[in-house]
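Throughout, protein chains are lettered first and strands after them, A, B, ... in sequence-line order, and every chain is numbered starting at 1. If you're wondering where the values come from, they're calculated on a predicted model, not measured in any experiment.
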There are 2 protein chains.
Amino acid sequence: MGEKRTPSGFLLKQRAFLKLYLITLTEQERLYGLKILDLLRQEFKPYGYRPNHSEVYKALHDLIEDGILQQVKRKKEGMKYQEVVYYRFADGGYEKAKRYKRQLKAELDRCAALIRKAIEDNFS
Amino acid sequence: MGEKRTPSGFLLKQRAFLKLYLITLTEQERLYGLKILDLLRQEFKPYGYRPNHSEVYKALHDLIEDGILQQVKRKKEGMKYQEVVYYRFADGGYEKAKRYKRQLKAELDRCAALIRKAIEDNFS
DNA sequence: ACATGAACACAATGTTCATGT
DNA sequence: ACATGAACATTGTGTTCATGT
């Protein structure tokens with residue numbers, strides 16, 4: 001019945017990948033949802049990856065649920081009325097963020113190794 | 001509405017990854033479904049990846065639909081009665097296989113680059 | 001028990017709709 | 001038009017069931 005589904009451990013999921021970037025972006029500059037989306041699309045364009053807006057929002061919401069980020073509603077630069085949602089680390093969130101990043105580093109290394117192996121095994 | 005779903009172009013899918021290995025295994029040794037599964041699980045164990053039997057069968061069936069492989073039902077080594085399903089390249093399948101592998105090589109290179117970038121962007 | 005395969009169920013993620021500025 | 005978010009739909013994949021040796 002309500003059994004857990006055990007992942008097979010293939011490559012990391014897009015959601016986790018985005019969460020990692022969102023944490024790093026929060027460490028660096030203050031941005032809001034759609035601006036982040038623009039930025040990521042530009043960054044990844046040469047890599048053929050174009051995330052969509054929902055994934056970014058869902059990743060942000062995940063990070064809130066994880067207790068890592070919190071929202072800050074602010075007036076958009078220059079705009080009088082339009083309010084947008086910026087993010088900063090929640091109380092104790094920075095520690096959690098560092099832990100999450102450590103995990104993801106291991107995951108990325110694992111994925112890199114898996115792909116390297118596939119290239120060796122199939123193209124040598 | 002029967003609209004197509006455009007993939008965002010994140011990492012490659014498990015199915016494609018397995019199809020690549022199945023082609024290469026077909027070039028090398030004659031194996032059947034569950035033996036292939038055993039082999040792959042052993043190979044990937046150090047990488048934390050453990051495919052399940054359904055994915056392997058689905059990948060094999062995909063390759064048949066693609067016109068790349070065909071089934072050969074044969075008695076299992078030593079066994080008198082048990083028939084198992086081996087695979088070989090279908091007519092013209094080897095050419096298709098080479099084309100598929102070329103594509104996958106590009107995909108794997110792309111994924112490797114994406115992961116390398118993520119490591120640089122988030123851990124430097 | 002091993003082997004193959006289909007059916008089913010849940011998870012990941014892309015698309016559309018709703019709401020407001 | 002931009003921005004946020006939820007709802008919905010489809011794909012990807014893990015689990016279970018069916019059938020036969």
Side-chain angles (χ1 to χ4, degrees), chain A residues 1-19 22 30-41 44 48-65 69-87, chain B residues 1-19 22 30-41 44 48-65 69-87:
Chain A
M1 296 276 112
E3 301 309 321
K4 263 250 157 57
R5 238 168 92 117
T6 64
S8 72
F10 187 53
L11 299 176
L12 107 154
K13 299 290 185 274
Q14 181 181 193
R15 181 74 53 86
F17 184 90
L18 288 175
K19 286 169 74 173
L22 292 171
R30 206 110 294 157
L31 290 173
Y32 63 90
L34 285 198
K35 278 294 174 226
I36 295 172
L37 182 66
D38 283 348
L39 179 76
L40 294 175
R41 282 179 176 174
F44 296 129
Y49 170 42
R50 184 188 147 92
N52 62 39
H53 87 274
S54 273
E55 272 307 308
V56 170
Y57 283 123
K58 280 183 251 181
L60 284 166
H61 299 338
D62 262 28
L63 288 168
I64 293 171
E65 282 203 3
L69 295 187
Q70 76 182 153
Q71 299 192 324
V72 186
K73 284 178 179 136
R74 285 246 187 75
K75 300 274 178 294
K76 197 168 155 187
E77 284 301 301
M79 290 293 180
K80 275 283 176 336
Y81 302 113
Q82 180 136 16
E83 239 184 8
V84 295
V85 182
Y86 293 87
Y87 292 86
Chain B
M1 315 257 130
E3 300 310 320
K4 264 246 155 58
R5 236 168 94 118
T6 64
S8 72
F10 186 53
L11 300 176
L12 107 155
K13 300 288 185 271
Q14 180 182 191
R15 182 74 55 85
F17 183 91
L18 288 176
K19 284 168 76 173
L22 293 171
R30 207 110 293 157
L31 289 173
Y32 63 91
L34 285 198
K35 277 295 172 225
I36 294 173
L37 182 66
D38 282 349
L39 179 75
L40 294 174
R41 282 180 175 171
F44 296 129
Y49 170 42
R50 185 188 146 92
N52 62 38
H53 86 274
S54 273
E55 273 306 309
V56 170
Y57 283 123
K58 280 184 252 180
L60 285 166
H61 299 339
D62 262 29
L63 288 168
I64 293 171
E65 282 203 2
L69 295 187
Q70 74 182 156
Q71 299 191 325
V72 185
K73 285 177 179 139
R74 283 245 188 76
K75 299 273 177 297
K76 198 168 153 187
E77 284 300 302
M79 289 294 179
K80 274 285 176 339
Y81 301 113
Q82 182 136 14
E83 239 185 7
V84 295
V85 182
Y86 293 87
Y87 292 85

Can you tell me how far [atom2] of [N] sits from [atom1] of [X], to the nearest Å?
X: E65(B); N: dA6(C); atom1: CD; atom2: P; value: 10 Å
X: L34(B); N: dA1(C); atom1: CG; atom2: C1'; value: 12 Å
X: L60(B); N: dA6(C); atom1: CG; atom2: P; value: 12 Å
X: R41(B); N: dC2(C); atom1: CZ; atom2: P; value: 12 Å
X: D38(A); N: dC2(D); atom1: CG; atom2: P; value: 9 Å
X: K35(A); N: dC2(D); atom1: NZ; atom2: C1'; value: 9 Å
X: D62(B); N: dG12(D); atom1: CG; atom2: C1'; value: 12 Å

Checklist line | Out of dA12(C), dA6(D), dA6(C), whichever nucleotide has its closest atom nearest the side chain of H61(B) | finding: dA6(C)
Margin query: So if I take every side-chain heavy atom of R5(A) and compare against dT4(C), dG14(D), dA3(D), which nucleotide ends up nearest?
Written below: dG14(D)
Margin query: So, OP1 or OP2 of dG5(C): does either fall under 4.0 Å of a side-chain N or O from Q71(B)?
Written below: yes
Next item on the list: Identify, with sequence neighbours excluded, every residue that meets ring-ring contact (aromatic ring centres under 6.0 Å, His included) alongside H61(A).
Entry: none
Item checked: Non-neighbouring partners of F10(A) that pass ring-ring contact (aromatic ring centres under 6.0 Å, His included), sequence neighbours left out -> F17(B), Y49(B)
Note to self: Among residues at least two apart in sequence or on other chains, which ones pass side-chain contact (heavy atoms from CB on, under 4.5 Å) with Q70(A)?
What the structure shows: R88(A), A90(A)
Note to self: Quick one, L40(A) with L18(A), criterion side-chain contact (heavy atoms from CB on, under 4.5 Å). Give me CA distance, side-chain angles, the key distance, then yes/no.
What the structure shows: CA-CA 9 Å; L40(A) 294 175; L18(A) 288 175; 3.9 Å; yes
Checklist line | Residues within residues 49-58 of chain A bordering DNA chain C, heavy-atom distance below 4.0 Å | finding: N52(A), H53(A), S54(A), E55(A), K58(A)
Checklist line | DNA chain C-proximal residues of residues 7-18 of chain B, any heavy atom under 4.0 Å | finding: S8(B)
Note to self: Quick check: closest heavy atoms across Q14(A) and S8(B), and the distance to 0.1 Å?
What the structure shows: OE1-OG, 3.8 Å
Item checked: Minimum-distance pair of heavy atoms, taken over all atoms of G33(A) and V56(A) -> O-CG1, 4.2 Å
Are any protein N/O atoms closer than 3.5 Å to N/O atoms in nucleotides 18-20 of chain D? If there are, list each pair with its distance.
none

Next item on the list: Would you give the length of the straight line joining atom CZ of R30(A) to atom CD1 of I36(A), rounded to the nearest 0.5 angstrom?
Entry: 10.5 Å
Notebook entry, point to check: In Å, rounded to the nearest 0.5 Å, how long is the span from CG of L22(B) to CG of L60(B)?
Noted result: 4.5 Å
Margin query: Tell me if the CZ atom of R41(B) is crowded by more than 12 foreign heavy atoms within 6.0 Å.
Written below: yes
Next item on the list: Run through Y87(A), Y86(A), Y57(A) and flag the one making a ring-ring contact (aromatic ring centres under 6.0 Å, His included) with Y32(A).
Entry: Y86(A)
Check: With Watson-Crick and G-U wobble geometry limited to distances under 3.5 Å, how should the secondary structure of DNA chain D be encoded in dot-bracket form, using | for bases paired to another strand and [ ] for crossing pairs?
Finding: |||||||||||||||||||||
Check: Looking at L39(B), L37(B), L31(B), which one forms a side-chain contact (heavy atoms from CB on, under 4.5 Å) with K35(B)?
Finding: L31(B)
Next item on the list: Go through the structure and list residues passing salt bridge (Lys or Arg N to Asp or Glu O under 4.0 Å) with R15(B), not counting sequence neighbours.
Entry: E55(B), D62(B)
